[in-house]
Amino acid sequence: MLEKPFYNEFLKRSFNMPMEVTFWDGKTKKYGKGTPKAHITIHKVIPIREIKRNASIALGEAYMNGTIEVDGNLEDLITSAYEAADSFFRNQKFIKFLPKASHSEKESKKDVQDHYDIGNQFYKLWLDETMTYSCAYFEKPTDTLYQAQENKIHHIIKKLNPQPDRTLLDIGCGWGTLMLTAAKEYNIRVTGVTLSQEQYDYVNNKIKEEGLENLATVKLQDYREIPKDEKFDYITSVGMFEHVGKENLDEYFKVVSDHLADGGTALIHGITRQQGGAVNGWINKWIFPGGYIPGLTENIQHIIDNGMQISDLESLRRHYQRTLEEWDKNFRKVIPEVTEMFDEDFVRMWDLYLQACAASFKAGNIDVMQYLISKGPSGETLPMTRDYMYKK
């Protein structure tokens, strides 16, 4: 059979940790030196042409449908694949990019709804009480996920050096924790925009429940539809630019610039890569349709090209790794409920997504950055040192 020699070569190159693989014919082979740290079972042949076409999609789907089973730490296994110099993540023989995705307003709305509108009840099962679906900020090793998400919200707002009675635009406001915290605790007039009907309804209800109608507004609209004459003292955008597509990154930062008042400050927080931009075929197909992770210098160039300057830049890579690990712990506790809501393939898909992303951050394949941006000379309206960001 031609498959065995191919699989042997493929597996030998793809991981830098010792492991065992049991093949569809019942035979087991060890790869690497030392005691195996994981055992992979491949129940049936995954066609070579599918692996060569897109290894990420072929292997991810095989894990989803149970063709591949892993006994051992899945996050560590995937981390070893990212770290292996010639793995399918790096070898040009196996790296294939998806066709260019559309990011029109219509397609962007569909992409957002495909991911976020699978139901607030699903996310409530494993997110913390703040319903924050982005990187947390662990100030202390003992911080709970809830505390770390609260930390992150305040860390972002404090970086803006917020003053009462100013205005803030939150692009891609999610379930509203950041914008509502800015309104309640910093007395800032906030506007949030989202394309998710589920998120819009949730935030609207929270505004009414907490009596914030005089300070907070949420809109169900594309960020490109914000009236051009609206200016804000502050802009925040968390976990947003990863969804706009490579071809729309410049427009995204132009929107930030257009709506940021002169002398204003923006905090843009999102997943990026220090090695340059990229997509992942499996995540693009099954989790985030239309997703694109921009490179660090790519974002900085767009910021500069649109008349803004960098005041501060901070990496939270290790924080996002831990955030994903905490989410996966929570997710695993509610697998029976998720299975009842969806099915076993969905459970395996989501578990793989959370652990694969944690592994990607752990290996340094991706990063998460907070770009503190000034409309005008860098930091002109900010204190001289970073001490103000950490005052309680």
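Throughout, residue positions are numbered sequentially from 1 according to the sequence presented. Keep in mind it's a predicted model, so treat the numbers as computed, not measured.
Of the possible polar contacts, none joining the K362 side chain to the T79 backbone as a donor-acceptor pair under 3.5 Å is found. Without hydrogens or angle criteria, H319 side chain to F138 main chain gives a donor-acceptor distance under 3.5 Å. The backbone N or O of L169 sits nowhere less than 3.5 Å from a side-chain atom of T191 that would complete a donor-acceptor pair. Y252 places no side-chain N or O within 3.5 Å of a backbone atom of G245 that could act as its donor or acceptor partner. At least one donor-acceptor pair closer than 3.5 Å links the side chain of T381 to the backbone N or O of G263. Under the 3.5 Å distance criterion, the side-chain polar atoms of S360 are left unmatched by any main-chain donor or acceptor of A356. Of the possible donor and acceptor atoms, none in the side chain of N284 sits under 3.5 Å from a partner among the backbone N and O of N280. The backbone N or O of C135 lies less than 3.5 Å from no partner atom in the side chain of T323, so there is not a single donor-acceptor pair. When atom types are taken as modelled, the side chain of R322 and the backbone of P141 share a donor-acceptor pair closer than 3.5 angstrom. For the pair Q301 (side chain) and N299 (backbone), a donor-acceptor distance under 3.5 Å is absent.
For R273 and E298, the salt-bridge test fails: no basic side-chain N is under 4.0 Å from an acidic carboxylate O. A salt bridge does not link K254 to E251: none of the charged side-chain nitrogens sits closer than 4.0 Å to a carboxylate oxygen. Using a cutoff of 4.0 Å between basic side-chain nitrogens and carboxylate oxygens, R348 and E344 are not scored as salt-bridged. Note on E314 versus K159: salt bridge recorded, some NZ/NE/NH1/NH2 to OD/OE distance being below 4.0 Å.
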Audit row: K329, E326, salt bridge (charged side-chain N to carboxylate O under 4.0 Å, His left out) steps and yes/no: CA-CA 5 Å; K329 286 179 190 175; E326 294 294 328; 3.6 Å; yes
What's the verdict on ring-ring contact (aromatic ring centres under 6.0 Å, His included) for Y7 and W24, showing C-alpha distance, side-chain angles and the deciding distance? CA-CA 12 Å; Y7 271 77; W24 50 89; 5.0 Å; yes
Show, in sequence, the C-alpha distance, side-chain angles and deciding distance for N205 and E209, and conclude whether the side chain to side chain donor-acceptor pair (under 3.5 Å) test is met. CA-CA 6 Å; N205 288 334; E209 286 174 11; 5.7 Å; no
Could you please spell out the steps behind the side chain to side chain contact (heavy atoms under 4.5 Å, CB included) verdict for Q199 and M131? CA-CA 10 Å; Q199 291 178 343; M131 287 292 283; over 6 Å; no
CA sep, side-chain torsions, deciding dist, call: K184, L215, side chain to side chain contact (heavy atoms under 4.5 Å, CB included): CA-CA 8 Å; K184 287 185 295 184; L215 284 175; over 6 Å; no
Could you go through the side chain to side chain donor-acceptor pair (under 3.5 Å) check for E230 and H259 one step at a time? CA-CA 6 Å; E230 290 190 16; H259 294 291; 5.9 Å; no
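Taking every heavy atom of both residues into account, K158 and M389 meet most closely at CD-O, 3.6 Å. Here the closest heavy-atom approach between residue A358 and residue E325 is recorded as CB-CG, 4.2 Å. Residues I157 and P162 approach most closely at O-CD, 3.1 Å, considering heavy atoms. Heavy-atom minimum distance, K30 versus G32: CE-O, 3.5 Å. For D351 against Y63, the heavy-atom pair with the smallest separation is OD2-OH, 4.0 Å. Summarising the geometry of G281 relative to S56, their closest heavy-atom pair is N-OG, 4.2 Å, with the distance given to 0.1 Å.
Rounding to the nearest 0.5 Å places CG of L160 at 6.5 Å from CG of L372. Taken from CG in N330 to CG in L127, the straight-line distance is 8.5 Å, to the nearest 0.5 Å. Put simply, CD1 on I46 and CZ on F6 are 9.5 Å apart, with the number rounded to the nearest 0.5 Å. Remark: I226 CD1 to D258 CG distance equals 10.0 Å, nearest 0.5 Å. In this structure, CD on E150 lies 7.5 Å from CD1 on I153, to the nearest 0.5 angstrom. Between the CZ atom of F241 and the CD1 atom of I268 there is a distance of 8.0 Å, given to the nearest 0.5 Å.
By the side-chain hydrogen bond (donor to acceptor under 3.5 Å, both in side chains) test, T177 is found to be paired with no residue, residues two or more places apart in sequence or in another chain being considered. Contacts of K140 classified as salt bridge (charged side-chain N to carboxylate O under 4.0 Å, His left out), with partners at least two apart in sequence or in another chain: D143. Partners of Y186 by ring-ring contact (aromatic ring centres under 6.0 Å, His included), not counting sequence neighbours, listed by chain and number: H154.
Taking the six-membered ring for Trp and the full ring otherwise, Y133 and W126 have centroids separated by under 6.0 Å. In summary, the aromatic rings of W350 and F122 are positioned with their centroids under 6.0 Å apart.
Taking 4.5 Å as the limit, every side-chain heavy atom of E198 sits out of range of all side-chain heavy atoms of Y123. D305 is not listed as a side-chain neighbour of F253, based on a closest heavy-atom distance of 4.5 Å or more. With a 4.5 Å cut-off on side-chain heavy atoms, T181 and T130 do not count as touching. Side-chain contact between D367 and L296 is absent, with no heavy-atom pair separated by less than 4.5 Å. Under the 4.5 Å side-chain criterion, counting only non-hydrogen atoms from C-beta, V244 is not in contact with Y292. Put simply, the side chain of S134 does not reach to within 4.5 Å of the side chain of V368, judged on heavy atoms. Using a 4.5 Å cut-off on side-chain heavy atoms (C-beta onward), L59 and F10 make contact. Side-chain contact between V256 and N306 is absent, with no heavy atoms from C-beta onward closer than 4.5 Å.
F346 CZ: more than 12 foreign heavy atoms inside a 6.0 Å radius. Other residues, nucleotides and ligands contribute at most 12 non-hydrogen atoms within 6.0 Å of the NZ atom of K333. Remark: E213 CD is packed, more than 12 non-hydrogen atoms of other residues, nucleotides or ligands lying under 6.0 Å away. Within a 6.0 Å sphere centred on NZ of K37, heavy atoms belonging to other residues, nucleotides or ligands number 12 at most.
With hydrogens and angles left out, the side-chain atoms of T28 and T22 include a donor and acceptor closer than 3.5 Å. A donor and an acceptor atom, one from each side chain of S237 and Y223, are nowhere located under 3.5 Å apart.
Under a hydrophobic-cluster definition in which Ile, Leu, Val, Met, Phe, Trp and Tyr are linked whenever side-chain heavy atoms come within less than 4.5 Å, directly or via other members, Y146 and V238 are assigned to different clusters.
For residues 61-72, the salt bridge (charged side-chain N to carboxylate O under 4.0 Å, His left out) pairs, not counting sequence neighbours, are E61-K285. Within the structure, salt bridge (charged side-chain N to carboxylate O under 4.0 Å, His left out) contacts touching residues 377-392 (residues at least two apart or in different chains) are E139-K392, D312-R386. For the ring pair (Phe, Tyr, Trp, His ring centres under 6.0 Å) condition, the pairs that include at least one residue of residues 355-392, sequence neighbours left out, are H155-Y390, Y320-F361.
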